[in-house]
Amino acid sequence: MREIFFSSSKVLTYIIKRCYLKGYHINQAKAQRLLYCSYGSIMALFDMRLTDERPITWEAGPIFPRALFDHMHHQLNFTEQQTPLEQNLCPPAILYVINLTVDNFSRMGAEELNKFLTAPGTPWYIESNNGENLGTIMGDELIHQYFLQNVVNPDAYDGPSMEISISGYSNSENMWA
């Protein structure tokens, strides 16, 4: 699994800004769910970790502890015109998938979204033993498989490519960066 290592707090900031700009209802819990859905969607489509922090099991579903702490303590930076994700530091395919994910899952009510992410068979349900084991780091492979089987369809993906030509490489085929 490739790792991108964007700060979970910076990705959360981007997601919250998108929700405000689009007029989607957002609170701390829903922001965490949208971050988790983005994490899982990127993982399923591109076999990459989106953030430098992996989700853990918590009472009402998966959370990213550092991003949650920063959000709760008003340490997310909303004053910058653009987040680092928007400053051409992020492949367009990543932003495209985050945007689609936020747009799709923001339409769900908080209870509906929570039920979807904590139902039997979900990574949260398995890793937490139905809420009995909280604070457990959720396995990337389990998240990858769940989102691949239940959320995204790589064959239907028609967004920007994640392939980037490596200069100086003699083969004419593109390589993953």
Side-chain angles (χ1 to χ4, degrees), residues 4-46 48-78 83 85-86 90 94-153 157 159:
I4 296 177
F5 280 104
F6 288 113
S7 158
S8 57
S9 295
K10 291 192 187 305
V11 176
L12 185 64
T13 301
Y14 178 82
I15 289 169
I16 293 168
K17 281 178 70 175
R18 179 158 184 89
C19 287
Y20 280 123
L21 290 172
K22 295 287 224 161
Y24 302 141
H25 171 75
I26 187 77
N27 59 27
Q28 287 178 347
K30 193 161 190 177
Q32 286 291 310
R33 302 312 175 262
L34 294 174
L35 178 57
Y36 174 72
C37 290
S38 297
Y39 183 93
S41 296
I42 295 294
M43 191 169 288
L45 286 170
F46 305 126
M48 297 177 147
R49 283 186 56 214
L50 176 61
T51 67
D52 58 352
E53 177 178 34
R54 290 172 44 200
I56 67 167
T57 58
W58 206 242
E59 294 168 6
I63 65 163
F64 293 76
R66 190 175 55 249
L68 179 62
F69 178 89
D70 288 349
H71 193 184
M72 289 174 62
H73 293 91
H74 309 287
Q75 295 179 8
L76 300 179
N77 185 352
F78 294 105
T83 67
L85 294 176
E86 299 166 298
C90 180
I94 299 296
L95 287 179
Y96 180 83
V97 172
I98 292 172
N99 291 343
L100 282 178
T101 302
V102 169
D103 292 348
N104 287 327
F105 284 100
S106 289
R107 293 186 181 111
M108 295 174 84
E111 188 174 322
E112 181 185 10
L113 181 56
N114 198 51
K115 282 182 182 179
F116 176 74
L117 296 175
T118 60
T122 63
W124 178 88
Y125 186 91
I126 293 166
E127 297 281 12
S128 73
N129 191 25
N130 190 22
E132 296 296 319
N133 302 324
L134 302 180
T136 303
I137 295 173
M138 297 173 64
D140 283 341
E141 188 55 36
L142 193 57
I143 295 168
H144 177 267
Q145 288 305 315
Y146 180 80
F147 274 78
L148 196 57
Q149 294 169 3
N150 299 287
V151 179
V152 300
N153 178 358
Y157 177 75

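No experiment lies behind these values; they were computed from the predicted model shown.
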Can you tell me how far [atom2] of [Y] sits from [atom1] of [X], rounded to the nearest 0.5 angstrom?
{"X": "Leu134", "Y": "Asn129", "atom1": "CG", "atom2": "CG", "answer": "10.5 Å"}
{"X": "Ile16", "Y": "Leu21", "atom1": "CD1", "atom2": "CG", "answer": "12.0 Å"}
{"X": "His25", "Y": "Arg107", "atom1": "NE2", "atom2": "CZ", "answer": "16.0 Å"}
{"X": "Thr13", "Y": "Asp70", "atom1": "OG1", "atom2": "CG", "answer": "8.0 Å"}
{"X": "Asn99", "Y": "Asn104", "atom1": "CG", "atom2": "CG", "answer": "11.0 Å"}
{"X": "Ser38", "Y": "Tyr14", "atom1": "OG", "atom2": "OH", "answer": "9.5 Å"}

Using atom types as modelled and distance alone, determine if a side-chain donor or acceptor of [X] lies under 3.5 Å from a backbone N or O of [Y].
{"X": "Thr57", "Y": "Asn133", "value": "yes"}
{"X": "Thr136", "Y": "Ser128", "value": "no"}
{"X": "Glu127", "Y": "Gly139", "value": "yes"}
{"X": "Lys10", "Y": "Thr51", "value": "no"}
{"X": "Trp124", "Y": "Trp58", "value": "yes"}

Which residues pass the side-chain contact (heavy atoms from CB on, under 4.5 Å) test with [X], sequence neighbours left out?
{"X": "Lys22", "value": "Arg18, Tyr24, Asp103"}
{"X": "Ala67", "value": "Ser8, Ser9, Leu12, Gln32, Leu35, Glu53, Phe64"}
{"X": "Ala60", "value": "Arg33, Asn114"}

Less than 4.5 Å apart, side chain to side chain, heavy atoms only: is that true for [X] and [Y]?
{"X": "Thr101", "Y": "Tyr39", "value": "no"}
{"X": "Arg54", "Y": "Ile143", "value": "no"}
{"X": "Asn130", "Y": "Tyr125", "value": "yes"}
{"X": "Cys37", "Y": "Val151", "value": "no"}
{"X": "Met108", "Y": "Phe116", "value": "yes"}
{"X": "Val152", "Y": "Val97", "value": "no"}

Task: Exercise: identify the closest heavy-atom pair between Tyr146 and Pro123 - done: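 Nearest heavy atoms, Tyr146 then Pro123: CG-CD, 3.4 Å.
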TODO: Grab the two heavy atoms, one from Met48 and one from Ile42, that are nearest each other, plus how far apart they are.
DONE: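 Here Met48 and Ile42 meet closest at O-CG2, 3.7 Å.
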Task: Qualifying residues under side-chain hydrogen bond (donor to acceptor under 3.5 Å, both in side chains), relative to Tyr36, sequence neighbours excluded - done: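 Checked Tyr36 against side-chain hydrogen bond (donor to acceptor under 3.5 Å, both in side chains); zero matches.
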- [ ] Please identify each residue that fulfils ring-ring contact (aromatic ring centres under 6.0 Å, His included) with Tyr157, with sequence neighbours left out.
- [x]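 Only Phe46, Tyr96 meet the ring-ring contact (aromatic ring centres under 6.0 Å, His included) criterion with Tyr157.
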Open item on the list: Using a 6.0 Å cut-off, check whether atom CD of Glu111 has over 12 heavy atoms from anything other than its own residue.
Closed with: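 Counting neighbours around CD of Glu111, 12 or fewer heavy atoms of other residues, nucleotides or ligands fall under 6.0 Å, so no.
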- [ ] Sequence neighbours left out, what pairs pass salt bridge (Lys or Arg N to Asp or Glu O under 4.0 Å) with at least one residue falling in residues 56-69?
- [x]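 Output for this query lists Asp52-Arg66.
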